[in-house]
Amino acid sequence: MSKRKLKESNAESAECISQVQKILRERFCHPCAAGKLFGMEQQYRHLLELLKRTTVHGESNSALIIGPRGSGKTALLNHVLKDLREMNQVRENLLEVHLNGNCQFFMKNPFLPGLLQTNDKVALKEITRQLQLENVVGDKVFGSFAENLAFLLEALRKGDRTSSCPILFVLDEFDLFVHHKNQTLLYNLFDISQSAQTPVTVIGLTCRQDILELLEKRVKSRFSHRQIYLMNSFDFKQYIKIFKKQLSLPAEFPDETFAQKWNNNVQHLSEDKTVQDVLQNLFHHTKDLRSLHLLLMLAGSAVSVHHPLLTATDLQEASRQHSTDSKANIVHGLSVLEICLIIAMKHLNEVYDGEPFNFQMVYNEFQKFIQRKAHSMYNFEKPVVMKAFEHLLQLELVKPLERPSVRAQREYLLMKLLLDSSQIMDALQVYPNCPTDVKQWAASSLSWL
Amino acid sequence: MNTRQQSKLIYSWYGKRLSSDRKLRTSHYEGILITSESSKTETCIQLGDFILVEGVNADQPYVAQLVDLYEDGAQHKRAVVQWFCRLEEIPQNKRKLLKREISAQEVFFDQVLGYDTDIAAETIIKSTMVLPLHLGEELPIITLNKEQTFYVRQSWDGKCFKVLSLDTFSKLKEANKKRGVITNSSKAFIPSDILTPVKKETESVVRSATKPKNADMEIESKHSTSKSSLAKERHSQRVANNDIKTPTARKKLELNSPTRSKGRLLGCEVLGLLDDDYDAIAPFKPSATKRKVKFTSEISGSPPKIPCSNDKSKLTSETSECRQRSSDIILSPYTKVKDFSEKDNNLHEKDDILPLVGYQKPSSQIPVLTPRSRRTCAQKTSALIAEQISMLDEEDFLSSSDSSYSSSSEEEDDDDDMPCTPEKKPKSSRIFSTPNSSRKSAVHTPAKTLKKTVRFHITPRTPRNATPEIPRRIQAAQEPASVLEEARLRLHVSAIPESLPCREEEFQDIYNFVESKLIDGTGGCMYISGVPGTGKTATVHEVIRCLQQAAENEELPPFQFVEINGMKLTDPHQAYVQILEFLTGQKVTATHAAVLLAKLFSTPGPKRKTTVLIVDELDLLWTRKQNVMYNLFDWPTQKHSKLIILAIANTMDLPERIMMNRVASRLGLTRMSFQPYTYKQLQQIVSSRLKGVKAFEEDAVQLVSRKVAALSGDARRCLDICRRATEICELARQKRAPEIVRMAHVTEAIDEMFSSPYVNAIRNASLHEQIFLKAILAEFRRAGVEEATVQEIYRHYVALCRVEGLQSPTVSEIMAICSRLGACRLLLVEASNKYLHMRVRLNLSQDDVMYALREE
């Protein structure tokens, strides 16, 4: 009987846990869609007012949203657009065009797939397509670049403030549009926004602080110089609050008792000293919320049926994973011979003050060690050492100064070590079964004397 | 090339001298003989005849009645004419005065005074027919020579349409009658003659006695229609003679007027020439015999392509091969045709559809039918396959139907048979209407697609007739409710003020310049420079607006206004295309447009108005050879160009800096530079816009003006700041109490726009990012060089962390910090694959960084 009860509660909690995981995943992976805004009320109001005026009064504008990566530029814009669409007078009165300057960066927008406008030609076709002008057949735009530009400009020129539907242009990765030839697209968009044509609002999103210096003087003059800066300007107390908000379960969670328990635990965690240390550390490194999400994601993945609530150690573990040195991790997996080569390179670096070296020098250094000091090391032949060296090359622990050419002998290619000596020493400390003489050699190149 | 000689025309007087004036040394004649040297034919045109005169647009020669012929003192043959104007020549906004549909063949008795009625006799192309009709009368159905006959119902005097007076009507009638009796070479002009198809053929031969070259061609390929080919030919000939600068012109022209090359290609000559001329001629030679020729050349020239669906079709090798060939032939010239049809897009748009059926119509079917019957066996099988495949993938099927639609619409257009249609278009489309849909898959045979053409004909989704338009908004835009909103609307840069304050002098200068040139009927250039936002374009537009007003009030001769903007062109050469499109409505390629424009501006145009051309952002029209700029500034210097150019750019010394000497010299020395606005002017601009609206404190406006004048003198910036200040004011006010913009609001707006983002960005950076910047400063100070590698900075960094009592971060974290700062462009960093050896620089001065870090 009691066993069955246990099973039932188990099943119930499994249900709860999967629910929790779903909620957290959604929060951390789709911050634009679901997340809340933190510390940007002023900017939110500014942008909302701006777009509202465009839609309601048909006023043309242009603005830039500038902030470091992960500061919530897209989230802010999406929030504003979502709220705008809910307004009565705005709905269906705004045409949106989303352009993305980047090839790799896809927009997470429910109604538009990722857009890849690498030059004005592609961007123009995309604009025409999204506006569904009359020269769009199906989903494609035909005709030459010149024709399309003339057509679009003609279309926009015909409109006027009171009768045409306002258009919102969102230029994601705005800095990449700046590099298009002559900045034709930007000039035209800004020019339209400054003349009595179809009302348009151009919103650019970028992380570059020097964006205005990149604009050509004519383009710059036409830009209306509204800059909305997102700076992550919150302090640690707010950071803790954000942490709590991001972790706690919403009131509409089905299992109330579990939600209660979970939320109490989160409250408890936020007051815990070790958790605060972990968060403080992260906060000192970076203030953007994406890294916090990543940390919580790592910690949250530890939650299971047998371990239903988050603990401070989960967070500590996650923080450790989060901040490990990637190159030092690679060193852990190397063979002793390869470690020896790295130590030889370290000594060369110290002797020659960071000048580049080649394989022959490394081999000679290694030979010296083998002949004078080593008791445990087997004297490998040169081709074997070469093989080990090439493995290091592949792992990008060493890097050739110039491209390897056919003529140059491989032994004499100049190389540089991509590890700092402190990294090597740290890695050696934790290297399993490291021979003592190697360790001693690492500590000092002169230890054999 | 003997083609030019072929159409060389000699003009000589016909009949005896009627009268002569000793004093003026003119002598009048009763007729003129146009002799074509090569074809040994003569056409006689007499006083009172209706004629076609070379015009701006080669496809649409002007229509006129010959009133007088004389030879002037310099032995030039001159003609005095009474003009008729086509619908296209009437301004767009006046056309609706007509309140009825106008066919392409209808012209208006021209009573506009501005046109020069004295023309050079050499511009006469040939005679034509103009039939006077009463207003209610239907167009008589004439199956023949439609393109040669015009109808006149009303007169046009530049303001309104009037019914023809009885006097003119009878005069015109008379002229027609007289003509019918005298000219024996133009029997074909007898109107309202119902002819049998057999007779038509003979008629067309008879008619073409005046131009036997064309007749040859017509007989040779019976289906083809020779439209106003003579005009076309002459036009292109003229172009070829005038413009030898562009080597491509000749080649282009051959394509455009293929009649000439066609005339030569007879019999076995064709075979020889086909190889090189294949592309050019193929689209125009659809007759059965020509097809045969192509067949042979195909086989010998290229190995037959294997259609992808070969494995599917269980055909005998013979039939499949046959099919292959046929599809090959059809496929190859397709692209060529498309080019042409695109060019002529605008023509399609303009024309009203005439319900008449041309005599060409039945014969146009012939080429389609002939090849069909010749490969019925292949066709049957392939039609079967096509059906299977179309069932397999509907998508492909649909897409091919799409393309077949475009071809069918072309066919429709052909039926209109307007004289303005260049002959290359209908011919090419007529042939390829069928096979061009088969490009998607070789299996779609002509027979199959022919059916589809009819079937899918209904879905009218062609992009080329698209009107550029943005959807209308659903709810009406709100009008400004409060004072601040009203002020904001007026302060928007797009708001057009009634007058431009502080630019009165410049305005007057430009106005006087253009006005004087307009009155003289000459051309000229003016170069206008000034930094952005000083009102160059606005002033020029204002000038044009005033001039247009004056022209409407008939204080000035009428003129055309064209504007191009270097920034709105994808390529400098597109400037030609846009100018030509504005002037004549033609859409052609850049090189062709350049040739046409050069011709237009270098030949005397009797009815042409002066053109005022604004070239904005001139510096972007720069090319390595500078031929665009050269041409633009060369045209106004031509005698008959009647072209006034106002070139606008930013830099004052642009002509000296980037232009070659020959370009700069043509630009001339009429220059004007717009100085940046002073603070008083800016203040005046803002307050003139705000006249009657009490929204700003006087001091606030002054503050903005002074600030902007000190920085750039850009009026746009000034207006933007004021606009932003109203927003801040609106946000700041609590109640509905009326509020005006005060100093505090303006200061906030200025701070927002001019503050450097860097300091703020550094202050809001995380602790480690700040330490990293400090480490950079330390390293710079140590090395004395403003560049360091991450490895060097790392050492300082670790030391600094120790001082602060922080745990020193790992190298990975350092790299992350470095790339974050690099993304914000606080630092300039190298590509990250160098890892620790990546070099780092500051993107702002060390003092700024120190200032930002010390504050805390």
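Scope of the values below: all heavy atoms of this structure, side chains included, with no hydrogens, waters or symmetry mates. Every chain is numbered from 1, with letters handed out A, B, ... down the list of sequences. As the structure is a computational prediction, the values presented were derived from the model and not from experiment.
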Can you check whether A:Leu149 reaches B:Gln574 side chain to side chain, under 4.5 Å on heavy atoms?
no

Apply salt bridge (charged side-chain N to carboxylate O under 4.0 Å, His left out) to residues B:Lys568 and A:Asp191 and explain how you reach the verdict.
CA-CA 10 Å; B:Lys568 294 181 180 172; A:Asp191 194 51; 2.9 Å; yes

Residue, of B:Asn650, B:Leu489, B:Ile817, that accumulates the most heavy atom pairs under 4.5 Å with chain A
B:Asn650

Which portion of A:His322 sits near chain B, non-hydrogen atoms under 4.5 angstrom
neither

Between A:Lys158 and chain B, which part of the residue has a heavy atom less than 4.5 Å away: side chain, backbone, both or neither?
side chain

Apply salt bridge (charged side-chain N to carboxylate O under 4.0 Å, His left out) to B:Glu727 and A:Arg53, showing your working.
CA-CA 10 Å; B:Glu727 287 167 21; A:Arg53 274 201 306 278; 2.5 Å; yes

Interchain contact, B:Ala765 with chain A, by part (heavy-atom threshold 4.5 Å)
backbone

With a 4.5 angstrom heavy-atom cut-off, could you sort out which part of B:Leu806 is near chain A: side chain, backbone, both or neither?
side chain

Residues A:Arg218 and B:Asp619 bridged, charged N to O under 4.0 Å
yes

Test item: [X] side-chain N/O and [Y] main-chain N/O as donor-acceptor pair under 3.5 Å:
X: B:Thr810; Y: A:Ser323; value: yes
X: A:His225; Y: B:Arg717; value: no
X: A:Ser233; Y: B:Asn764; value: no
X: B:His768; Y: A:Phe283; value: no

Just checking, any donor-acceptor pair under 3.5 angstrom between side chains of B:Tyr835 and A:Glu396?
no

Modelled atom types, side-chain donor and acceptor of A:His285 and B:Arg820, under 3.5 Å:
no

In terms of heavy-atom pairs under 4.5 Å, which option from A:Thr198, A:Asn188, A:Leu417 contacts chain B the most?
A:Asn188

Top contributor to chain B contacts, counting heavy-atom pairs under 4.5 Å, from A:Thr184, A:Asp210, A:Ile211
A:Asp210

Can you check side chain to side chain contact (heavy atoms under 4.5 Å, CB included) on A:Arg226 and B:Arg723, steps first, answer last?
CA-CA 11 Å; A:Arg226 284 150 198 278; B:Arg723 211 151 52 88; 3.8 Å; yes

Does a sphere of radius 6.0 Å around CD in A:Glu154 hold more than 12 heavy atoms from other residues, nucleotides or ligands, not counting ones at 6.0 Å or beyond?
yes

